Amino acid sequence: MTDQCRRTVLLGIGACCLAAGTGVAGPGQAQDLRALAAAQPLLPMPRLTRAHGLVNLSRVDTQQSEVALTFDDGPHPLHTPRLLDILAEHRVRATFYVIGTQVRRFTEIAQRIVAEGHELGNHTWHHPTLTGYDDGHVLSEIDRTQEVIWQAVGHLPVTFRPPYGAISQRQSRMLHERRNLPSVNWSVDPQDWRRPGASVVAQRMIDGARPGAIILAHDTHGATVSAVPEAISGLQSRGFRCVTMSELLGWGHWGPAAARHEHVAQPRSDQRGPVIPDFAG
Ligand SMILES: [Zn+2]
């Protein structure tokens, strides 16, 4: 991590505290942070999301026979490594919508996810239902998670998945406007959390697939992980290729090798502007 990166991350942490109203900084310090925030972006921002104007989506409009496998709520200390072994064996890339607190606990697994070519997405810090939250608390959930992922793997998620799929249109627009993050739900839900058994989960994933489908699953359930080999084989036999969210969106490979964010050293004069903390929260 470069000095510039460290600085933006540290400033971002200060902004989160302010946005969440936790008040760790005194009035003078808060003023200093505001002055710094005006001069510096607090976090590097995903850039492609703004360019494509995506606010929220549950599938991608494409004629390609591609689907995105997405796994929520990890990293899990047992099930995620087993899933990674399976994905490697089948040479399939997936997207992991990780929870910030889990990344903090299981940082090495998050690093392995990225090292093996998969994508990380933001799934909040505490996994709350966001619809009852004010904007400051929503941004705090998102920013803390962006930061812990940034610190773990040196790369920022470019998509966000609301816990339980629960987010208002206004909140999605707010996140798009302030953090360049589209809210990504799903078009195929095998309801694996109800524990219907691995073969049922696999069949639901296969049957629901269409071009551009986003398939929801959870790498916190052993039976879901056990369903993955059958699901991949079934999808492939129907002619589908399993890709990451960024690939499904046509943004190419997500990861350290391909910059999906930008650092801006000075305030910008264009319509985007630097990321400014939400002091109203
Ligand atoms: Zn979740």
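Each ligand, and each atom within it, is numbered from 1 in the order the structure gives. What's counted below: heavy atoms across the whole structure, side chains too, no hydrogens, waters or symmetry copies. All values reported here derive from a predicted model rather than from experimental measurement.
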Are V158 and L249 joined in one hydrophobic group, where the rule is that I, L, V, M, F, W and Y side chains link up if heavy atoms are under 4.5 Å apart? yes
State whether R238 and D207 are salt-bridged, where the test is any N-O pair (Lys NZ or Arg NE/NH1/NH2 against Asp/Glu carboxylate O) under 4.0 Å. no
Sidechain N-carboxylate O distance under 4.0 Å for D73, R161: no
Less than 6.0 Å separating the ring centroids of W254 and H155? yes
Angle in degrees, rounded to 10°, that OD1 of D73 and NE2 of H123 form at the Zn ion (ligand 1): 90°
Measuring to the Zn ion (ligand 1), does D72 have an N/O/S atom at a distance below 2.8 Å? no
Provide the atom name of the closest N, O or S atom of H127 relative to the Zn ion (ligand 1). NE2
Would you say H218 reaches the Zn ion (ligand 1) with an N/O/S atom under 2.8 Å? no
